[in-house]
Every structure is written in C-alpha cells, then in structure tokens.
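Only one structure is covered here, and it is reproduced in the block below.
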Amino acid sequence: MYRLLLILLFAYVRAVTNEDIYENSWALIVGIDKYQYAQTLNYAVKDAESIQNILVNTFNFPKDNVVSLFNEDATYQNIRKQFSEISKSAEENDRVLIFFAGHGTTRKNPGSNEDLGYLIPVDGKEENLTRSTLSMKTINTFSNEIPAKSVLFLVDACYGGLTLSTRGLGKEQTPEYLKKMTKEKGRQVITAGGKDEKVMEKAEWGHSAFTKNLISGLENELADANNDGIISGEELGGFIRSGVAIDTDGQHTPQKGRIGSDVGEFVFISETLE
C-alpha cells in the first residue's frame with residue numbers, strides 16, 4: 001500500500017508544473033531597515049532581496065510581476081498603491097505572495113479591549129497608527145479584494161491582533177488532497193511572532209530568524225516535509241515555526257493560519273522539478 005502511494009505521488013509530481021496550477025504569479029516584497037520614526041533594523045532589506053531572488057529564480061515568478069519596495073520607497077501610500085495594482089492585475093487562477101520585513105506593533109482597541117495589529121511602513125508613526133500604518137483589518141480587506149485563488153502573506157514582524165482560522169490545516173498531503181486544495185481559494189498567513197515578541201536577527205545569520213528559516217525551507221526545499229517536490233503553505237508554516245523556535249530558544253514563535261474560512265493551499269513548485 002505504501003509503495004503504491006509513493007508511485008502515485010511521484011507520478012503526480014512529474015505531471016504537475018506551475019502552469020498546471022497557476023496561470024500567473026504576482027508578488028509584493030517590502031523590506032525596511034532605515035525608518036523615519038522607528039528603530040533601525042539591520043537585515044530587513046537583505047531578507048526581502050533574498051526572497052525576491054528565490055521567487056524569480058527558483059519558483060518561476062515573472063520578474064516583471066514582482067514589485068519591490070525598500071527603505072524610503074516603502075511608504076504608507078506606496079504600499080497601499082501596490083496593493084491596489086495587484087488587485088487590478090491578478091486574475092482568478094493566479095497566485096499572489098506578499099512579503100513584509102520590518103516593524104510591527106500591537107495596541108488595545110479602547111472600545112472593545114481587543115488587540116489590534118499593525119505593520120509599520122517607513123514613514124509610519126506609532127502615535128498615529130490609524131492613518132500611517134497597515135492594520136490587520138486593512139490586510140483582511142486587501143486579501144478579499146484580490147481575485148487570485150491563492151494568496152500567501154509572509155510577515156517578518158511580530159505583532160498581535162491576528163484573527164486567523166486553522167480550518168483545513170493539518171491534513172495529510174496526498175496527491176489527491178493537493179489536487180483538490182490547489183483548485184480551492186485560500187488566504188494563508190505566516191508571521192514571525194506575536195504580541196510582545198521581538199524579531200531576532202543576528203550577524204552570523206545575516207538574516208532574521210524568520211527569513212533564515214524561510215530561505216532554508218524554500219531554496220533548499222527543507223520545508224518539503226513529505227518529499228513530493230511541492231511545498232505547500234501549510235508545510236512552509238510548520239517548518240518555519242519549528243526552526244524559529246529552536247533558533248531563538250523559544251523567544252518568539254511564528255504564527256500560521258488563514259484569513260477567512262477558505263481552505264485552498266498556496267504551493268511552490270521549483271523550476272528544477274519541472
């Protein structure tokens with residue numbers, strides 16, 4: 001039975017390419033080291049550049065469809081503008097990846113006492129979060145406006161206020177499961193950590209703990225837990241979570257989940273496999 005499953009698995013892998021699952025791929029890559037009103041970071045831009053290169057060179061993202069905003073270009077208005085452009089460009093059978101490396105913060109909603117999470121652009125001000133930063137509610141709205149079936153947010157920042165569903169996660173990734181899940185709509189999120197945690201970056205890594213493990217998971221295909229040549233959003237989230245917890249001695253723990261109740265999987269298939 002096990003041998004039959006392996007035969008079916010590898011037959012499916014050999015038959016599948018990016019073009020079989022997605023008609024097109026889009027990405028917005030944001031990296032901010034030099035903030036106007038917040039503490040400087042060391043490796044956020046390098047992290048972002050590394051992910052950009054992996055998407056284009058390993059996972060067949062068209063170079064013209066990958067937009068990068070680094071440091072002074074990563075303003076509140078520019079990020080919102082690119083959100084809008086992707087919403088206009090992406091189509092139903094496409095995939096969209098958003099990578100953000102920078103500061104995040106959390107505050108309490110005075111009215112409901114719930115946590116509200118925010119990503120801070122280069123010109124964002126903590127004393128004016130509502131008008132100068134990207135709230136989780138803004139991310140939710142953006143994800144719903146994108147017509148693409150697969151959307152993945154990779155957030156190298158620690159913040160709270162995430163309302164993520166785990167529906168559809170944790171299933172064994174058989175060939176039939178992947179065939180079904182890559183047809184379904186899905187909005188997946190993987191973040192570096194939660195409220196009151198700080199992103200850890202070290203010179204010996206040359207990256208943050210989150211992106212260090214993200215790169216290993218994708219470029220070296222270590223996140224391919226079942227060795228089928230395909231890395232799903234679920235596999236990637238589990239790999240990053242385990243690796244970061246080890247590298248930081250549990251000082252911050254990545255979070256993963258979904259926006260909404262859609263159960264589709266975002267997948268990576270390398271050009272080497274094709």
Compute whether any side-chain donor of one residue and acceptor of the other, for Thr138 and Ser135, lie under 3.5 angstrom apart.
-> yes
Taking atom types as modelled, find out whether Gln188 and Glu234 have a side-chain donor-acceptor pair closer than 3.5 angstrom.
-> no
Min side-chain heavy-atom separation [X]-[Y] under 4.5 Å:
{"X": "Asn140", "Y": "Arg187", "value": "no"}
{"X": "Ile146", "Y": "Trp26", "value": "no"}
{"X": "Phe268", "Y": "Leu97", "value": "yes"}
{"X": "Phe210", "Y": "Ile190", "value": "yes"}
{"X": "Asn24", "Y": "Pro62", "value": "yes"}
{"X": "Asp224", "Y": "Glu235", "value": "yes"}
{"X": "Lys149", "Y": "Ile21", "value": "yes"}
{"X": "Thr133", "Y": "Pro121", "value": "yes"}

Is there a side-chain contact (heavy atoms from CB on, under 4.5 Å) between Leu116 and Met136 once you walk through the steps?
-> CA-CA 7 Å; Leu116 298 176; Met136 189 59 196; over 6 Å; no
Answer yes if [X] and [Y] sit in the same cluster of Ile, Leu, Val, Met, Phe, Trp and Tyr residues linked by side chain heavy atoms under 4.5 Å apart, and no otherwise.
{"X": "Val45", "Y": "Val56", "result": "yes"}
{"X": "Met200", "Y": "Leu41", "result": "no"}
{"X": "Tyr43", "Y": "Ile29", "result": "no"}
{"X": "Val199", "Y": "Leu134", "result": "no"}
{"X": "Leu236", "Y": "Ile54", "result": "yes"}

Do other residues, nucleotides or ligands put more than 12 heavy atoms under 6.0 Å from the CD atom of Gln39?
-> no
Lys185 NZ: over 12 foreign heavy atoms closer than 6.0 Å | yes
Looking at [atom1] of [X] and [atom2] of [Y], how far apart are the two atoms once the value is rounded to the nearest 0.5 Å?
{"X": "Leu218", "Y": "Leu55", "atom1": "CG", "atom2": "CG", "answer": "7.5 Å"}
{"X": "Thr40", "Y": "Tyr35", "atom1": "OG1", "atom2": "OH", "answer": "10.0 Å"}
{"X": "Glu114", "Y": "Thr106", "atom1": "CD", "atom2": "OG1", "answer": "12.0 Å"}
{"X": "Phe70", "Y": "Ile32", "atom1": "CZ", "atom2": "CD1", "answer": "10.5 Å"}
{"X": "Ile51", "Y": "Leu214", "atom1": "CD1", "atom2": "CG", "answer": "3.5 Å"}
{"X": "Arg107", "Y": "Asp115", "atom1": "CZ", "atom2": "CG", "answer": "10.5 Å"}

Should the ring pair Phe266 and Phe61 be called parallel, tilted or perpendicular, given that the plane angle runs from 0 to 90° and is split at 30 and 60?
-> parallel
Is a side-chain N or O of [X] found less than 3.5 angstrom from the main chain of [Y], in a donor-acceptor match?
{"X": "Asn71", "Y": "Asp33", "answer": "yes"}
{"X": "Asn220", "Y": "Leu222", "answer": "no"}
{"X": "Arg258", "Y": "Gly264", "answer": "yes"}
{"X": "Tyr22", "Y": "Val96", "answer": "no"}
{"X": "Thr75", "Y": "Asp123", "answer": "no"}
{"X": "Asn78", "Y": "Asp73", "answer": "yes"}

Provide the closest heavy-atom pair for [X] versus [Y] in the form atom of the first, atom of the second, distance.
{"X": "Gly102", "Y": "Ala157", "value": "O-CB, 3.3 Å"}
{"X": "Ile259", "Y": "Phe153", "value": "CD1-CE1, 4.0 Å"}
{"X": "Ala44", "Y": "Glu201", "value": "N-OE1, 4.3 Å"}
{"X": "Ala48", "Y": "Phe99", "value": "CA-CE2, 3.6 Å"}
{"X": "Phe100", "Y": "Ile120", "value": "CZ-O, 3.5 Å"}
{"X": "Lys46", "Y": "Gly206", "value": "CD-O, 3.3 Å"}

Before accepting this row, confirm whether a basic side-chain N of the pair Glu265/Arg95 lies closer than 4.0 Å to the acidic partner's carboxylate O.
-> no
Distance-only donor-acceptor hits, side chain of residues 82-91, under 3.5 Å, sequence neighbours excluded:
from  : atom 1 : to    : atom 2 : distance (Å)
Ser87 : OG     : Phe83 : O      : 3.0
Ser89 : OG     : Glu85 : O      : 3.0

